[in-house]
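Taking it in order: structure first as structure tokens, then the write-up.
Residue numbers begin at 1 in each chain, while the letters A, B, ... track the order of the sequences.
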Protein chains: 2
Amino acid sequence: MPHAADRLTIGELAGRSGLATSALRYYEELGLITSERTAGGQRRYHRSMLRRLAFVRAAQRVGLSLEEARHTLARLPTERAPNATQWAPVARAWQQRIDEQIAELELLRRKLSGCVGCGCLSLKKCALYNPDDTAATHGPGARWLLGDTPPEPPGRD
Amino acid sequence: MPHAADRLTIGELAGRSGLATSALRYYEELGLITSERTAGGQRRYHRSMLRRLAFVRAAQRVGLSLEEARHTLARLPTERAPNATQWAPVARAWQQRIDEQIAELELLRRKLSGCVGCGCLSLKKCALYNPDDTAATHGPGARWLLGDTPPEPPGRD
DNA sequence: GCTCGACTTCAAGCGTCCTTGAAGTAGCAG
DNA sequence: CTGCTACTTCAAGGACGCTTGAAGTCGAGC
């Protein structure tokens, strides 16, 4: 064991979190994590930072920016695990985001499925190019796949 | 109608694709789309570029970089819609990526579900912090949620 | 043939998320 | 106490995906 106390050096935190030390310093600068300093000025991290980092990583996967993660983190306890009351709204919000992402991906997947056998990406024949469900999903106006476009005037492909 | 021929100006292509003209020039620079030029040097796009752009947007949503999209695009016909033989492997590869993403999100979702009621993010008690399925999903070594970490030595949280 | 908006190029800038490098210090093993 | 690695700060750089601005040209309508 490299050192005595129950505080983690930046290298240890890096090893345990899977993040680079440079990333950890950056996160600290952003206020995502905090540290104490030794007499000599080196960082020492409380182990609760592991939780915060796990949270940040999860937040990123849910599609949040580091700034957004910071805001959410600010409403959770610093050194303690959040209790159910604190955690529930966060978890619910995230689940909603996740559900939306899954729904989007499944829509795209279905469209691709339809295309595997159809010599696809041929305008007017393919679900990838025709609104229907996409239109419903993405608001008003003709939309296909991932962008807007009129359903192609006359002309061929 | 702004002009005669069946070629699209960059403004028209932008309008129809939902992308900014600056993005279109950038894409052209990257080799994602091509254009012809008028005598005066202005770009004119074949309508098949709409398909390529739809493809690129879809690729982005599947998580590909523009570079990766370019590679894939290079194996599909330039001005024609791909046939089933050309398209099938691409669609299958994308579906696989989509499936992986969905699986990841569902895993995260399940973990969050378990946590809503548990005062979560408390080390050792919570699925978010304990390997199990995540370990299987992300290769060797102990991993929780989105990073590596040993399952916490002695001490408390 | 003029006008005016849409186009052109080129260079620089931007937001996000970090990494890299230089120059120097801390802290633990022996 | 030496020595070596891990640490420190600060500034710059870098990848990705574009956007913005300046300065100038094209081209369709009147």
How would you label the contact of A:Leu30 with the nucleic acid (heavy atoms, under 4.0 Å): base, sugar-phosphate, or nothing?
nothing
Remember a base hit wins even if backbone is also touched, and classify A:Arg25 as base, sugar-phosphate or nothing at under 4.0 Å, heavy atoms.
base
D:dT9 OP1/OP2 closer than 4.0 Å to side-chain N/O of A:Arg37:
yes
Side-chain contact test, heavy atoms from C-beta onward, threshold under 4.5 Å: evaluate it for A:Ile10 versus A:Glu28 and give yes or no.
no
Nucleotide D:dC16, atom P - distance to CG of B:Leu32 in whole Å
13 Å
Quickly work out the B:Glu28 CD to D:dT19 P distance and round it to whole Å.
15 Å
Both B:Gly41 and B:Leu64 contact DNA chain D. Taking the nearest nucleotide for each, which residue is further toward the 5' end?
B:Leu64
Between C1' on D:dA28 and CZ on B:Arg44, what's the gap in Å once rounded to a whole number?
11 Å
Per atom distances to the B:Ser22 side chain, the nearest of D:dT19, C:dT20, C:dT8 is D:dT19
Is there side-chain contact between B:Arg37 and B:Gln42, with at least one heavy-atom pair below 4.5 Å?
no
Does a nitrogen or oxygen in the side chain of B:Tyr27 sit under 4.0 Å from OP1 or OP2 of D:dC18?
yes
The residue, B:Tyr45 or A:Ala20, whose nearest nucleotide of DNA chain C is more 5′ is B:Tyr45
Contact under 4.0 Å: B:Arg43 side-chain N or O vs C:dT8 OP1/OP2
yes
Check the distance between D:dA15's P and B:Glu68's CD and give it to me in whole angstrom.
16 Å
Hey, does the side chain of B:Gln60 come within less than 4.0 Å of D:dC18's phosphate (OP1/OP2), counting only N and O?
yes
Between A:Gly11 and B:Ala23, just flag the one whose closest nucleotide in DNA chain D comes earlier from the 5' side.
A:Gly11
Have a look at A:Ser65 and say if it touches a base, only the backbone sugar-phosphate, or nothing, with a 4.0 Å heavy-atom cut-off.
sugar-phosphate
Scan A:Leu66 against the nucleic acid and name what it touches under 4.0 Å (heavy atoms): base, sugar-phosphate only, or nothing.
sugar-phosphate
Indicate whether any N or O donor in one side chain lies under 3.5 Å from an N or O acceptor in the other, for B:Tyr45 and B:Glu12.
no
NA contact type, A:Thr21, heavy-atom cut-off 4.0 Å: base, sugar-phosphate, or nothing?
nothing
Between B:Asp6 and B:Arg47, does any NZ, NE, NH1 or NH2 come within less than 4.0 Å of an OD or OE carboxylate oxygen?
no
Whole-Å distance, A:Tyr26 OH to C:dG15 P, equals 12 Å
Quick one: which of D:dC18, D:dG27, D:dT8 gets closest to the side chain of B:Gln42?
D:dG27
In whole angstrom, give the distance that lies between atom CD of B:Glu29 and atom P of C:dA12.
14 Å
Taking OP1 and OP2 of D:dG27, is either one under 4.0 Å from a side-chain nitrogen or oxygen of B:Thr38?
yes
In whole angstroms, how far is the P atom of C:dT19 from the CG atom of A:Leu24?
9 Å
Under a 3.5 Å distance rule, please check whether B:Arg52 uses its side chain to pair with a backbone N or O of B:Leu32 as donor and acceptor.
yes
Hey, is B:Glu100 close enough to B:Arg97 for a salt bridge, meaning N to O under 4.0 Å?
no
Rounded to the nearest Å, what distance is computed from the CD1 atom of residue B:Ile10 to the C1' atom of nucleotide C:dT8?
10 Å
